[in-house]
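The structure under discussion appears below in the form of structure tokens.
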Amino acid sequence: MMLPAPKQALISCTLSEINFLDRSFPFSSGSLPENLYVSIRQVGILTPPLLMAGPRGYIIVCGRRRLEAARKVFGEKYEINAYLVAAGEQTAQLFALAFWDNLAHRAFNLVEKADILVCLEALFDHAVMRSEFLPALEIPLKTRFIERYRAINTFPESARSLLAQGKMDGETVDLLKSWQSDEIEQLIDLLGGMSLNRNKLKEIVKLFDDLAGRDGKTPAEIFTLIREEYPACLESAVALRRQLNSWMFPFLSEAENRFQELCRSLQLAENLRLIPPPSFEGNAYTLKINFRNFNQWQAARDQVAAIEAEKIHELFSR
Amino acid sequence: MSFSPVKPLFQPEQVLVEQDAFLYSYTNEILKRLPGIPVITIERPNQSTFLQLHYNPAKTLLLMVHRGKFFKPCPGTAESYRCCLYKILHLALGCSIGCRYCVLQGYLNNPFITQFVNLEDAFQELDEVIDGAPEDFFRIGTGEFTDSLFMDGLTGLSPKLVAYFAGKKNAVLELKTKSIAIDNLLQYDGPIGETIVSWSLNARTVVDREEGRAPSLEERLKAAARCRARGYRIGLHFDPLIFFPGWEDEYAATVRMIFDFLKPDDIIWISIGAFRFMPPMKEMIKESHPGSRIIYQEFIRGLDGKMRYFSAIRQKMYQHLLAEIRRYAPELFVYFCMEHDSMWDDVFGYAPKDNQQLSHWLDQCCYRYLELTADSIR
């Protein structure tokens with residue numbers, strides 16, 4: 001359905017007259033792309049943003065990213081042209097207008113979606129949400145996904161920042177949503193110095209969550225335990241993952257160590273690789289031979305032939 | 001022994017009846033057992049109407065006509081793990097016992113318990129399958145998508161099934177349950193053939209913490225002994241085995257308790273299977289049962305995509321349980337539900353060469369199978 005255009009007047013104002021803190025129309029969160037600054041620096045704001053009169057300055061309806069970039073590039077005194085809608089205009093109508101306008105330009109990040117969802121839930125009924133807005137936001141209609149976005153709104157700023165940057169994903173939010181806000185902050189503080197992509201972050205969060213669940217402790221208690229008993233593992237992501245894995249998966253870690261030891265004792269050449277079944281489930285071991293010529297093939301074959309039978313039997317003794 | 005009246009595990013506060021279900025006499029038979037309970041007639045339901053209904057699954061019974069197949073292979077069939085080729089008679093859907101580990105949480109989200117009422121169609125389909133393959137032998141259960149007996153007091157289904165299977169030479173029925181709703185089975189005075197009534201057993205801590213409103217171990221085993229006295233054969237299933245502090249002693253205690261109530265010869269088989277679940281179920285259990293710790297263990301992704309305990313843990317548990325069972329019943333047939341050949345070898349010292357062989361071993365436990373094969377030799 002096409003929305004009726006609100007009554008609007010073209011005005012001129014400086015950026016200082018705009019209330020950037022008001023987030024009634026929260027369509028932008030996270031850092032701005034560098035090319036937006038370049039564009040603003042070159043040509044300024046060409047299309048007038050849409051503003052609404054508010055008690056502490058103009059409220060941004062559409063165009064926040066351009067206005068924030070302009071403020072950073074030119075400062076508060078920069079003068080712009082803008083469309084102004086009266087304060088009496090229906091908020092729901094304006095929100096929908098801003099929503100569809102923003103969506104036409106870019107995809108929202110997780111934090112933006114979460115912020116938008118809160119506003120949508122306050123402004124629109126359930127049926128409209130399900131039929132129009134949630135599909136447009138690519139939020140599945142199942143409760144658990146909606147809960148995921150609601151949880152983001154309770155997260156501390158440090159976590160929201162990671163989400164906005166794409167360094168944390170939705171599945172990690174699912175894991176963290178039962179944690180206390182200060183525990184999430186402690187986690188981010190703990191991992192602060194480590195360079196983690198979002199999959200590694202998810203893996204570490206999952207390990208902390210599982211350990212807490214298994215031992216009937218809070219995540220904070222697990223952090224304390226790590227800090228006090230295994231401080232060295234906080235020096236790198238690899239060391240931390242290794243420590244948490246050996247803690248959560250003692251039997252599997254032992255099997256891995258035993259396998260590594262056996263591989264070392266076999267003294268296989270570089271072009272031979274023994275691969276265990278995933279998680280040692282079942283008994284399908286693989287021996288991989290890389291060779292570029294007949295001599296390499298022959299050397300590998302001879303080495304395989306020379307492996308003692310008992311070493312192979314050892315593979316299958318649990 | 002004295003017995004107190006059995007409190008039903010399912011007491012619906014309303015019954016939804018699909019219009020077409022009134023064409024079947026079984027619908028009225030069930031409704032007569034629910035005097036004073038509001039009955040709501042509904043159109044033929046489909047999945048989208050299911051999702052819009054907001055009934056309490058623990059309080060709502062749906063009587064409907066099943067339009068698909070009643071007879072199905074057990075969904076456990078997978079390439080990577082040995083499956084006993086069990087067959088399912090699909091007559092009901094859902095359960096109100098509320099076990100925290102129940103796989104049905106992952107499959108069903110209907111806000112009611114469903115009982116299919118077109119039994120005539122089910123029996124006709126069974127006739128076609130069973131009589132159509134007189135050389136084959138069928139082990140058939142009703143307890144895959146529901147508990148076979150938990151609402152038997154309402155449905156009165158078990159005597160109908162027992163009577164039907166008593167007339168089949170090449171098939172046996174297994175009723176799997178955690179309930180003690182055995183009155184209908186005991187009161188039924190017709191031939192029972194070789195019907196097997198099976199109980200799911202576990203360690204006491206698991207029963208107390210994870211099995212919702214299920215009766216205690218003692219109650220289950222008392223019920224088993226009564227069924228045995230009536231002539232039913234008894235099956236036992238340790239599935240899922242749960243790894244928790246103290247599991248060794250507690251599972252040993254459960255095994256000891258079995259033989260306080262039953263003799264080894266009373267039991268046709270014992271199956272063992274460690275806890276396993278589809279990955280999304282972890283989140284479901286976490287949300288529905290925040291206090292449960294069963295999902296936080298050393299799980300790996302198995303060859304069938306399900307999460308399972310790391311093999312060394314499973315092996316340890318299986319070996320322990322098997323040794324305990326063997327103390328009391330050295331000859332009793334014990335088998336794994338969905339395990340790898342290598343696990344069979346490590347625990348039993350042998351492995352079925354394929355699913356057919358495992359199926360054959362179980363068939364051989366049934367007297368009917370022995371009679372059938374003896375007939376074919378003659």
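Below, chain A is the first sequence line, B the second, and so on; all start at residue 1. All figures in this text were calculated on a predicted structure; none of them were measured in a lab.
- Checking side-chain atoms of A:Arg148 against main-chain N and O of A:Gly170 turns up a donor-acceptor pair under 3.5 Å.
- Comment: B:Arg314 does not engage B:Glu298 in a salt bridge, judged by the lack of any side-chain N to carboxylate O separation of less than 4.0 angstrom.
- Residues B:Tyr251 and B:His320 place their aromatic rings such that the two centres sit no closer than 6.0 Å.
- Both the backbone and the side chain of A:Pro250 come within less than 4.5 Å of a heavy atom in chain B.
- Of the N and O atoms on the side chains of B:Glu144 and B:Tyr86, not one donor lies less than 3.5 Å from an acceptor on the other residue.
- The candidate with the highest count of non-hydrogen atom pairs below 4.5 Å against chain B, out of A:Ala255, A:Pro278, A:Gly216, is A:Gly216.
- The pair B:Arg44-B:Glu18 does not count as a salt bridge, with every side-chain nitrogen at least 4.0 angstrom from each carboxylate oxygen.
- Heavy-atom proximity under 4.5 angstrom to chain B picks out A:Asp174, A:Leu175, A:Lys177, A:Ser178 from residues 174-187 of chain A.
- Electrostatic pairing of B:Lys286 and A:Asp209 counts as a salt bridge here, judged by a charged N lying under 4.0 Å from a carboxylate O.
- Proximity to chain B (any heavy atom under 4.5 Å) is restricted, for A:Asp215, to the backbone atoms N, CA, C and O.
- With a 4.5 Å cut-off on non-hydrogen atoms, B:Phe299 touches chain A through its backbone but not through its side chain.
- Screening residues 274-283 of chain B for side-chain hydrogen bond (donor to acceptor under 3.5 Å, both in side chains), with sequence neighbours left out, gives A:Asp210-B:Lys282, B:Asp239-B:Arg276.
- Using a 4.0 Å cut-off between charged side-chain N and carboxylate O, A:Glu171 and A:Lys202 make a salt bridge.
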